[in-house]
Amino acid sequence: MFLKRFIFPIGFIVCYNINAEEIKSIKYDGLVYMSDLLAQEVTGIKKGDNLEEKKIDSAILALYNQGYFKDVYATFDKGNLVFHFIEKPRVASLEIKGYGTEQERETIYKQLAIKKGDVFDEQKLQKAKETLQTILEIQGYYGTTIQTTQDEIGDNVYAITLDVNRGDNIYITRAFYDGRKSLSVKQVESLSANKEKQFMGWLWGRNDGKLRLQELEFDNKRIQDVYMRHGFLDANVSSPYLDTNFSNYTANLYFKIDEGIQYKISDIDIQIDNEVESIAKLKKLLKSKKNKYINIEELRMDMQLLKQAVADYGYAFAMVNPDLDKDEANGSVKIIYHIQVGQKVKINDVIVTGNTRTADRIIRREILLAPNDTYSLTKIMASENALRRLGFFENVKIDQKRLSENTMDLVVNVSEGRTGELQFGMGYGSYGGLMINGTISERNLFGTGQSGSIYANISTGSGLTYYGIKNAGKSYSGSISLTNPRLFDSYYSSSINLYATYSVSYNYIQQSGGFGISVGKLLTNTLRANIGYDFNVLKTSNFTSPLYERYYASKDRVVGTYGNYSITGLWDKEYALPITSSITPSLSFDNTDDYYFPKRGFIASAYAQFNGIGGDVYNTKVYAKFAAYTYFKDYIGLDLIGRYKAQGGYFFRYDKESFLPINNTFYMGGVTTIRGFRSGSISPRDELGLWVGGDGMFTNSVELSYGLLESAKMRISAYFDYGLLHYRTYSGVADKNIANFKDFGIVGSGNNMITWRAATGVALEWVSPMGPIVLVFPIKVFNEQAGDYTSSFEFTLGTRF
């Protein structure tokens, strides 16, 4: 019998000389976390081998080096080889206490060197503690203490707790810029991460003064960049000096600035080794202008614009190098752009990566370049935007892989996003009660690029009786649709939808159903044409006031009385189940850079609905929408998005006896028109006091959205909505506010009248794990009229501004 043992880290060996014998059996005693099979692979010893001292030495060392064991030794008796193990303790759980939300802690756990299931190691635990301390300091908490405990909850198993006693933030109470003369403090600090605390610094848009230590070493370069944007090319800013008082967690921040000379642009010259584009045209692209103070940010933009202009001719590897010829005596500078064109580049291949679900062809059809095409930077940028607009991917990046002087591969990197979408809206009103609407949709069915959706709307009603109707405000509606935006991977599209509604509206119960089909064509990568057919059957009944029946009844039928007058219908015949059959051509344009929250670009669409392809309704409805987005960070360095949205519509009727369903008119109010007013609650009234809508509408919105937390994709916005509703009144009637329904849409009939509403408020936008959420908080509404319903809170999930 022999004993062979390695004890680490003491490191001595007890050996007995042994004669070579055959190993008849091998056992592994005390092995829990490693399998016998794996242990055998590690040792390299198997049954039938001759026992050799060097092999046993190597096997014990190899097992110990796996890192799982405190001790490993071997015994041999009568041909039976036994490896004995004493394993290190294991981590059963790791918990952070005293800091952060559950989501914050989950993020931190991923950064620590130790986790559940690991072998317990004091060094790993100490490293985890130091990492957590560093994370808290980066977040601005100083003086934090962390206590570690490890409780044995089983045989050789520990539960580890990191108990955090979080420190305090350090606030910069004073910031000194010694040598500052030409620029204001606000300008100097415009790009800095660390700034002096302002009064009411906790308020949005104010400086909170929190020390951001990890950013401090870069702030002098940011200040220098500010000076260079104002023409001070020789500005020099010292490294920051921070004087900290840890008794009250305040600090003074010091920079020394040598401003130097402010330079004006005396001339701009472009030198190009191959004039693929005229110098005159290239100069027109430049942001920098003669006799203006030089702006280093405009200089960077000019370099990119010149490169793009040349690259669009196929010269992918063109280089633009600026040269500044300074005249210190006169404070002037001449800018010289040197352009090296290089060789024209062809695309060798387009490689798609990262698409775990979406088929390659769905991505490739959005790429405007193919193998053997001439390189174009504009087309690459347009292709990236086209992929983002699909809404299929979280991230899109087209990398350019150089193969030679005249060839390259395009590598399309995408990461799949959530294409299944839940759109959800909720509100509450004294009439409609709890209102919930939602859509379950999938924009990328089975990775084919096709989309489908199921929409449902429920309004519970007020529970009260309103003019004889029980539970007024209650409604149900739903639809199913399927769309293929690229039929057979061509530029043609097709869609079909089925829908049905049941609603106890403000004044009647309405039931309708129908279907629609359409085909379209992608004219360019941003412009689409479409034509569709729609068939709808409508039933309107149980009017809150029987007088509403006049809008569906014939002139021969008395529907009720008003004072001493009998009220008859409006039309030549009854329209109990009016049918609408229509054809609708449309155009839509979209060159924005994101699906949900675009920063740049335009969206525009317009359609004309021709009712009267059979059926009972004969009129033409025109409607258009427009939205523009500007990213102010391109100009002022602030993460601010400017948005403008407008929409308008009108319908034309051919004669006064042409039937017009009252639900086809325009109403305002709601998140898509005027926020702060309930959907559809803004409407003119006829001579009987009945809501009849209008024959024309125009609304527009202005919004500024500021980035609160870039990492969480959270923004806050302020908005102003303004809308106009057009309707016609009776000629010769004293009260110009009474709507004349039969004149609606008849050009030249009656008097033209307009009613308006406006509202302002704020909204919180967040691209959450469930999808984009927008919380709307109306602050004030303007020109509120009797009969309007307002709301103090609205929210949507999965909608697009």
Side-chain angles (χ1 to χ4, degrees), residues 202-206 391 418 421-429 432 434-439 457 592-603 625-633 636 638-647 668-682 698-723 756-784 788-801:
W202 49 267
L203 192 63
W204 175 67
R206 306 283 289 171
R418 289 183 174 87
E421 183 176 283
L422 171 66
Q423 295 182 349
F424 183 71
M426 186 172 69
Y428 186 84
L434 180 65
M435 294 166 289
I436 302 173
N437 62 76
T439 303
N457 177 83
T592 54
D593 57 0
D594 192 67
Y595 182 77
Y596 288 114
F597 298 124
K599 296 178 179 177
R600 306 172 185 88
F602 302 92
I603 300 172
K625 295 178 69 174
F626 173 80
Y629 306 88
T630 299
Y631 195 34
F632 289 106
K633 192 172 185 178
I636 60 176
L638 191 64
D639 186 9
L640 191 68
I641 302 174
R643 304 166 178 157
Y644 175 74
K645 178 179 69 173
Q647 60 181 323
M668 290 195 308
V671 293
T672 59
T673 54
I674 310 295
R675 286 165 282 190
F677 290 90
R678 274 259 313 281
S679 180
S681 68
I682 302 172
F698 172 78
T699 69
N700 62 152
S701 302
V702 178
E703 189 163 331
L704 287 175
S705 174
Y706 177 74
L708 281 179
L709 296 171
E710 185 176 355
S711 59
K713 297 183 179 180
M714 184 176 291
R715 311 184 65 84
I716 189 169
S717 62
Y719 69 83
F720 177 76
D721 297 339
Y722 178 79
W756 66 273
R757 302 290 190 278
T760 187
V762 296
L764 185 67
E765 306 164 344
W766 176 36
V767 183
S768 73
M770 298 181 295
I773 295 175
V774 180
L775 309 178
V776 181
F777 302 92
I779 295 175
K780 185 174 177 58
V781 298
F782 301 92
N783 199 36
E784 182 181 354
D788 292 347
Y789 291 101
T790 60
S791 62
S792 57
F793 172 72
E794 300 166 273
F795 79 89
T796 58
L797 191 155
T799 56
R800 185 181 189 180
F801 178 89

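Nothing here was measured: the structure is a model prediction, and the numbers come from that model.
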* To do: For ring-ring contact (aromatic ring centres under 6.0 Å, His included), just list the numbers for F793 and F777, CA-CA rounded to whole Å, side-chain angles, deciding distance to a tenth of an Å, and then say yes or no.
  => CA-CA 5 Å; F793 172 72; F777 302 92; 5.4 Å; yes
* Salt bridge or not for R715 and E703, using N-O below 4.0 Å? ->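 Looking at E703 together with R715, the answer is no, because their closest N to O distance does not fall below 4.0 Å.
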* Asked: Quick one: do D593 and K599 make a salt bridge, cutoff under 4.0 Å?
  -> no
Rounded to the nearest 0.5 Å, how far does [atom2] of [Y] lie from [atom1] of [X]?
| X | Y | atom1 | atom2 | answer |
| --- | --- | --- | --- | --- |
| L704 | Y644 | CG | OH | 14.0 Å |
| Y631 | S705 | OH | OG | 9.5 Å |
| R600 | T592 | CZ | OG1 | 11.5 Å |
| S701 | K645 | OG | NZ | 4.5 Å |
| F782 | W756 | CZ | CH2 | 7.5 Å |
| T699 | I682 | OG1 | CD1 | 10.0 Å |

Please report the shortest heavy-atom distance between [X] and [Y], naming the atom on each side.
| X | Y | value |
| --- | --- | --- |
| A763 | V774 | CB-CG1, 4.2 Å |
| L764 | M714 | CD1-CG, 4.1 Å |
| V671 | R675 | CA-CG, 3.7 Å |
| P778 | S792 | CD-O, 3.4 Å |
| R757 | N783 | CD-O, 3.2 Å |
| A759 | I674 | CB-CG2, 4.0 Å |

* With sequence neighbours excluded, tell me which residues meet side chain to side chain donor-acceptor pair (under 3.5 Å) with T673. =>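 Expected list: none.
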* Quick one: side chain to side chain donor-acceptor pair (under 3.5 Å) partners of Y722, sequence neighbours excluded? -> none
* Pair Y789 and F677, ring centroids less than 6.0 Å apart -> no
* For Y719, does its backbone N or O pair with a side-chain atom of T760 as donor and acceptor, under 3.5 Å? -> yes
